[in-house]
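First up is the structure itself, then whatever we jot down about it.
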Amino acid sequence: MLCLLFFLVTAVGAELCQPDAENAFKVRLSIRTALGDKAYAWDTNEEYLFKAMVAFSMRKVPNRETTEISHVLLCNVTQRVSFWFVVTDPSKNHTLPAVEIQSAIRMNRNRINSAFFLNDQTLEFLKIPSTLAPPTDPTMPIWMIIFSVIFCIVIVAVMLLIFSGIRQRRRKSKGPSEVDDTEDKCENMITIENGIPCDPLDTKGGHINDVFMTEDERLTPL
Amino acid sequence: MAWAGGAEPHGDGRGDKRPAWDNKGQYLLSCLGFAVGLGNIWRFPYLCQTHGGGAFLIPYLIALVLEGIPVFYIELAIGQCLRRGSIGVWTAVSPYLGGVGLGCLTVSFLVSLYYNTVLSWVLWYLLNSFQDPLPWSSCPLDINRTGAFEAECQASSTVSYFWYRQTLNITADISDNGSIQWRLLACLAASWAVVYLCVIRGIETTGKAIYFTALFPYLVLTIFLIRGLTLPGAVRGLIYLFTPNVQTLRNPRVWLDAATQIFFSLSLAFGGHIAFASYNPPRNNCEKDAVTVALVNSLTSLYASIAVFSVLGFKAANDHGRCLDRNLLRLLNAFDLPDQSISRDDYAAVLAHLNATQPESVARLPLEVCQLEDFLDKSASGTGLAFVVFTEAVLHMPGAPGWAVLFFGMLFTLGLSSMFGNLEGIITPLLDLGVLRRSVPKEVLTGLVCLLCFLSATCFALQSGSYWLQVFDSYAAPLNLIIFAFFEVVGIAYVYGMPRFSDDIACMTGRRPGLYWRVTWKVVSPLLLLTIFVAYIAVLAWTPLSYRAWDPQYAWFPSRQEKSYPGWVQATCVLLCFLPALWVPAVALVQQLAKRRQKQDTWQDGCPKLQEGGAS
């Protein structure tokens, strides 16, 4: 008799939990991707923990505080590791609405993830979108801070250069300027003569002005 | 040669001695910094990749030897000899050639405008690199906070979204100006402030700044090279991208691209090299300088392309791996196979097996085609390489913010040292002309130039600014520079006279120019420049004037939509192409008219003056 009852219960359970059944959700885990060498094997104990986490999430929903682990049914466990699950009501005749389960899972997603050392990408509830982190809007973007620093440094440096230039000019205007003039005259002559400063650098001698020569000749025989 | 009036020829037209470099190292680094610019990083590797890998080096070296080095030597020699900026130099060679100097100044001005705008973009990225995770690593959430990401970002990619939307906020059409992006305007102001800080006293300040801005990029390139070569997939990428494909050399476009690349890579005909050389002592071996700087510039291009290709190879391997992973996941999920049971190497075998046993299920899966060569073939140049491809590659390197800071810091200093040359090409001729009185300090002139450039460049901070920048980049410089370079070579070889120029060079370097120089100056370079000019015009005339727009409403978004320029933009393109070059005939005409009037005046004054024997 007891065996028959047990058989009936599992048969009913099998009907409620089926791929693409009403109010059923598919779960997919990628344990090896998340943990690499430290990956654990997925066995019935892990399934028990999963059922416990789902029951825990449902107990947090108002009016569902009496959800037990036995109300969570798993089926079609594959090697991938993926499976379907449903949550039944205390009578075990019908499943709870998908909307309730969805909101319950979303509220406790973090707890469920951390129970298995996984995250939103490696523990996927298909058809249950994960809640994205709120955008962090800093009061002052980082680039503005660095920009202000650089700009201030540049402005200060420009001011320093301008003021030092003014001071240099004041000092130079007080000093002697005759030396510069004679140097200028040399350059004047050089460039006016033929536009190329290179020629007079030749030590072959300068150009001889005939007018002066005649003057000298006139004066020397004394 | 008689002075046809005009400015005083000595010093810098202000009564003080002409400034001079502190040492030869500063001068060489300045020329090198001016030559080595952003194009070495993002233009040369792209040309290498699309024109047959290693085979591209053949036309490149030929162009360097026949065209690049001779014109470069002329610029350095004439600047050092006549000790003046571009306007003074060409007016001294012949009054009819004065327009060349004015044209060079105009082109330097136009190029400074958009070049510094690119630097402001680099600065924006640099400022945003000081955070972890990098802002271009993830999509922002939808404004309505419905939980989904921004649609535009999901359709394209995080890096493209950050570039086109969060940086440029680009409009879909060039005629749609949009509003000024104040963030870009602030970065533009900062870039111009930095440039002003470095050129405020001419070469006195530039010479100090160049030590950092010219050498820092080499340090970073070396770091990237070492890091890049150790990344997985890098060596495979290098081999693939450098493998020579000699068949491509049959395409004349390759030779044209090589010739123009060497030309713009050395920054010839801007007037900047003339300005730098004019501050040299008269006795300086400019022949060795020219050959050294040109060779180092080309070696830098090669060095940079090795670093760039190794990072691109890593990126291609990474993308290929992730493509395979996505396919593997689809297979695992569809056939409920254990997690991580298929490795990337087994993918092909497993797929074949599954296709044989369950072809219908496999056919239903949206599997992508993952070929490594497809990823390696994805080439990008210019801003696309720096701001989209490289930023994405950097995301996958461990320690991403550090690499991003290094990369954009390198780009900024590279561009800055080129800006020095551009601005010296503007400031030195203006100083020589004596546009401001002697009592006005040099800082005021440089400040006014920088302010004028900044105000003119604000149009690039509009939402359509990137399209306008492409217009300027494609049409303002190339043709004009070729024209000016042609007049430079012809002016020196034929108008100034080869014997006279040889004497000057003998005076400066200690020996007369050899046969190679004389042949290239008199025959080869002018012919080559003329050929390039004609070929360039032919290419421009044949290709329709169009641009690729970023339009989220486009049917095939994220592909860029090919649109043709509206009429008034096309007119602007044509104007930009030829307006600076019009200085040459304009000045020649003015000189001719002035000379004719002078002759008329002396003739009208009568014969008595001539009889006295003192001709004016």
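Per chain, numbering begins at 1; letters A, B, ... match sequence-line order.
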Please test B:L337 against A:Q79 for side-chain contact (heavy atoms from CB on, under 4.5 Å), starting from the C-alpha separation and ending with a verdict. CA-CA 6 Å; B:L337 302 166; A:Q79 268 191 311; 5.6 Å; no
Using a 4.5 angstrom heavy-atom cutoff, name the option from B:T205, B:V444, B:N333 with the most pairs to chain A. B:N333
Which residue pairs pass the salt bridge (charged side-chain N to carboxylate O under 4.0 Å, His left out) test with at least one member in residues 181-191 of chain B, sequence neighbours excluded?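 Pairs touching residues 181-191 of chain B that pass the test: none.
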Let me confirm one number: the CD1-CG distance from A:I150 to B:L123, rounded to the nearest 0.5 Å.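 These two atoms lie 6.0 Å from each other.
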Pairwise distance CG(B:L127) to CD1(A:I145) - rounded to 0.5 angstrom: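 It comes to 11.0 Å.
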Would you mind checking which part of [X] comes under 4.5 Å of any heavy atom in chain B, side chain (CB onward), backbone (N, CA, C, O), both or neither?
{"X": "A:S82", "answer": "side chain"}
{"X": "A:I31", "answer": "backbone"}
{"X": "A:T122", "answer": "neither"}
{"X": "A:F147", "answer": "both"}
{"X": "A:E124", "answer": "neither"}
{"X": "A:R32", "answer": "both"}

Crowded around [X] [atom1]? As in, over 12 foreign heavy atoms under 6.0 Å?
{"X": "B:Q340", "atom1": "CD", "result": "yes"}
{"X": "B:R322", "atom1": "CZ", "result": "yes"}
{"X": "B:R326", "atom1": "CZ", "result": "yes"}
{"X": "A:Y40", "atom1": "OH", "result": "yes"}
{"X": "A:M107", "atom1": "CE", "result": "no"}

Where does [X] contact chain A at under 4.5 Å (heavy atoms): side chain, backbone, both or neither?
{"X": "B:I200", "result": "side chain"}
{"X": "B:S341", "result": "neither"}
{"X": "B:L329", "result": "side chain"}

Contact summary for A:R80 and B:L332, nearest pair of heavy atoms: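 Scanning both residues, the minimum pair turns out to be CD-O, 3.6 Å.
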Regarding B:R201 and A:S164, is there a side-chain donor-to-acceptor distance under 3.5 Å anywhere?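 The answer is yes; a qualifying pair exists.
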Among B:Y125, B:F130, B:W124, find the residue that satisfies the side-chain contact (heavy atoms from CB on, under 4.5 Å) test when tested with A:W143.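 So, applying the side-chain contact (heavy atoms from CB on, under 4.5 Å) to A:W143 and each of B:Y125, B:F130, B:W124, only B:W124 qualifies.
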Salt bridge (Lys or Arg N to Asp or Glu O under 4.0 Å) partners of B:D132, counting only residues at least two apart: none
Using distance only, find each side-chain donor-acceptor pair of residues 54-63 of chain A under 3.5 Å and give its atom names and separation, not counting sequence neighbours.
from, atom 1, to, atom 2, distance (Å)
A:S57, OG, A:M53, O, 2.8
A:R59, NH1, A:T67, O, 2.8

State whether the side chain of B:D336 and the backbone N or O of A:V81 hold a donor-acceptor pair below 3.5 Å, judged by distance alone. no
Determine the option with the most heavy-atom pairs under 4.5 angstrom with chain B, choosing from A:I162, A:I142, A:L161. A:L161
Among residues 95-104 of chain A, which residues come closer than 4.5 Å to chain B, judged by heavy atom distances? none
